[in-house]
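The basis for the numbers below is simple: all heavy atoms, side chains too, and nothing from hydrogens, waters or symmetry mates. Sequence lines set the chain letters: A, B, ... in the order given, protein chains first and strands last, and positions in each chain run from 1.
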Amino acid sequence: MRQLTLDVFLRGEVERSRVASVGSSGVSESQSGVGVVEDKPELISEFKFEIKEPRDTGQCYLLSVVYDGKSRRALVKLYDPECDDIYFWYDNTGHKPYFLVDIPPDKVKQMSKVVGHPAFDHVEVVEKYDLLEDRRRVMTKIVVKDPKAVAVLREYFPKAWEAKIKYHDNYIYDRGLIPGMLYRVENGSLVPVDPEIPEDIVKSIEEVFDEDSRSLAREWLPIFQTPPPNLKRVALDIEVYTETREHIPNPIKAEEPVVSVAFAGSDGYRRVLILLSEKTIRNGIGEPPETLPKDVWIEFFDNEKAMILEVFRVINKYPVLLTFNGDNFDLNYLYHRALKLGISRSEIPLSITEDGSVRILKGVHLDLYKFFENRAIQVYAFGDKYKEYTLDAIASVFLGVRKIQLDASIAELTLSELASYNFRDSYLTLSLTTFDDNLVMKLIILLMRISRLSIEDVCRLKVSSWIRNLFYWEHRRRGYLIPLSEDIIERKGTAVTSATIKGKKYAGAIVIKPETGVYFNVVVVDFASLYPSIIKKWNLSYETVNCPHEECKANRIPETKHWVCLRRRGLTAEITGLLRDFRVKLYKKLSKRKDLPKHEREWYDVVQRAMKVYINASYGVFGADTFPLYCPPAAESVTAIGRYTIKKTISKAQEMGLNIIYGDTDSLFINNPKPEQLQKLIEWVSSELGLDIEVDKEYRYVAFSGRKKNYIGVLKDGTVDVKGLVGKKRNTPEFLKKAFNKVIDVLRDVKDKDEFDRAIAKIKDIVRECYEKLKFKELTLDELAFKTTLSKNVEEYTKNIPPHVKAAKMLISVGKHVSAGSIISYVKVGSKVGVKPIQLAKLDEIDTSKYIDYIKTTFKQVLDALNIELEELMGTSKLELFLK
DNA sequence: ACGAGTAAATC
DNA sequence: GATTTACT
């Protein structure tokens, strides 16, 4: 075998003694005269980081707080933009955990079990405003010594408030701090640093907000105007030795060695550490592939423990560590593998919290998988651009670069291939935070500021927690009592409308059934963010719906028995309204202003996106029973007013002679409107309903199949909107999607009624070709596969067994690993069970008749709209015969 | 751990 | 009719 030297790899700097030379036959003497790494104990002390305290002068961004209730000390992690490093600020605050009760303090003091308990500290009297009852309340604050004792002492009180708020959140509230904001240390405390705000933005507050919102708007302005830090960060990705591609290493057991670790830093750091062992070197080094950039620094270790210690050292050099699924895999594996190799806990700069997330001791860890998996981020921040939560899928959407495609297991790769594969992953992970001028990092910083959550929490928690945290913060700041969920339900009751869908809690939106057919020149008008606007306009909030005042009861909410308060401003209405106005009237406009520098415009665009996430989720959370401020009457009031609004608008439009052909929730499809009629309608809605409608789309034509949420529309610019048709659904077989897309392409070119005839002829050909391919088995199994997500583990399907679960069971019986979240690819076969996973199926087993049914339903939706009979299209008896 | 409504396939 | 999935 050819002796390969490391020269090909060492295009970067050669570092110390960790470089070895390898041949395909094993480790040999190094080219550069340095030896192979030994297990060096002195490496261990290297990664222990010093705790740096902030400089006396200078400004730091607040990133995270670790509150230690036992020592009554908060460890505040600050990012110093001048030296790109983390500083710690210890606040020996004396801040103790507590909860509130509605028992007078003297009574509490008589409770010997409480006062005598070792965890008891003292009681204080506090005054809170009870929004549910609209009155002041004097309450007793029971302060405890040990956070764990909150739960113990609570047992003596039937009702306790604020007992479940996390201590570090508590600390942030009580200190009035906002994560993500800029502070300086002064006289032992953190003092906010006010940003410079352009004159015209300050002025616009007067125009944008009404009088009672202005002071709040001014308080919020620094949140959006403080420039974001550009956090220095490094992405990490590890590869674990696996024999087969299917085998997923277990991070808790951590049985196999970590064979490669790649880093990609925002400062240009690019490095791969590779383990040389009998297992990894058996395929040799190989030629470095083109996919491995020339400036990546590759290092070889012959000792896994030394390599992992080096990884820990690098982690500690950076204030922010990025991973893609590091909570579940990479960091978890490193942690357990380190323990397994005899590295002691104190030498591992990671800790795993109760909820399974990994914290790093010095800096902060961001798991981008968790961030991109967040539905609110996916839908509202990125417009549903990516559909799958894999590094490959997300990177290809945002970066246009994919993972390196492997058709072998880690065990079968040469070391060059391994390095290249591993590096690409870490590079993609870093790039997910750097594309579009660090868009994702900016978004995270803004979400921290709006939700008042630490950087790790904002990435790990979902939108309901973000909103909850902002609400709690606002309650405490204003001295409002944070209500108990059961008190909201008791006072406000449950929903009074009934849902159309069984199992849902209340009635939702209206969908108008469209008449089948093709309509030319269709204008779509819609209500600009309908539900948030309703919340603002109608003063909706958990405390204002069904308020305790007699005089408000006449202020009814249409279609319900509910009423809404006239006396007090609703908190939800205020906050949602504030963010809505900021977004629509200020930041959306700023983001489009060409006279501003590019980076400023881009920042304003991120600002309006972050607001969008919040605004759009503000209705949904009040209808979610898991939300601590869950309030069904408030949620159903929103949808009820939505129905009322759209009904009113439709009848007005019809009065005016407009032809409404379809509508869904907040949109109306109008056939052939005169522009002046539209203008009149828009003005009427604004003056009579106090809401804004706008022209959203103009279709050259729309083809309705007659089903709701199911149509094809061609916009004036030729863009085709396909809504709800099976041909577009993710689980339909690829050959059908292809044929369907061809049909769409034909429809795109149709300009007027006459062109339909020609289009129909083309569509006929496409459908026929599709049939023939199936008939003559000119399709691959892949093209025939239905790809359905397994939403639960197979054993949890008890009520019935859908086809994809049957296929999944067959996979398990041959030893394949499938679990909740796996996408099962299966085909329809002639056997008794009727399905087979593609891995086990053969092309000649395919049940053609089942597929013919699918072809029919797919195209029927299109053909219904075009008023063509399917049979007419097939025409010949050839197919009829075929069906038998 | 955001909501409800619609369509389709399958048991 | 109930369950499950994918979509609005």
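- Side chain to side chain, Asp721(A) and Tyr699(A) meet the donor-acceptor criterion of an N or O pair below 3.5 Å.
- In summary, of the residues considered (Asp581(A), Thr572(A), Thr576(A)), a side-chain hydrogen bond (donor to acceptor under 3.5 Å, both in side chains) with Lys536(A) occurs for Asp581(A) alone.
- Residue contacts shown for Ile467(A) are absent, as no nucleic acid heavy atom lies under 4.0 Å away.
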Check against side chain to side chain donor-acceptor pair (under 3.5 Å), Asp847(A) and Ser849(A): CA-CA 6 Å; Asp847(A) 184 344; Ser849(A) 69; 2.9 Å; yes
Reading nucleotides 2-8 of chain B from 5' to 3' and marking B where a protein heavy atom lies under 4.0 Å of the base, S where only the sugar-phosphate is that close, and - otherwise, the string is BSSBBSS
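- Scanning DNA chain C 5' to 3' for nucleotides with an atom closer than 4.0 angstrom to a non-hydrogen atom of chain A gives a first and last hit of dT3(C) to dT8(C).
- Formation of a donor-acceptor pair under 3.5 Å by the Arg583(A) side chain with backbone atoms of Gln608(A) is found in this model.
- A donor-acceptor pair shorter than 3.5 Å can be found between the side chains of Gln378(A) and Tyr389(A).
- For the pair Leu790(A) and Tyr711(A), nearest-nucleotide mapping onto DNA chain C gives the more 5' position to Leu790(A).
- Using a 4.0 Å heavy-atom distance criterion, Lys850(A) is classed as making no nucleic acid contact.
- With respect to the salt-bridge test (charged N to carboxylate O, under 4.0 angstrom), the residues Arg460(A) and Asp367(A) do not qualify.
- Judged by distance alone, the side chain of Gln861(A) and the main-chain N or O of Val726(A) form a donor-acceptor pair under 3.5 Å.
- Inspection of the His804(A) and Asn731(A) side chains reveals no N or O donor paired with an N or O acceptor under 3.5 Å.
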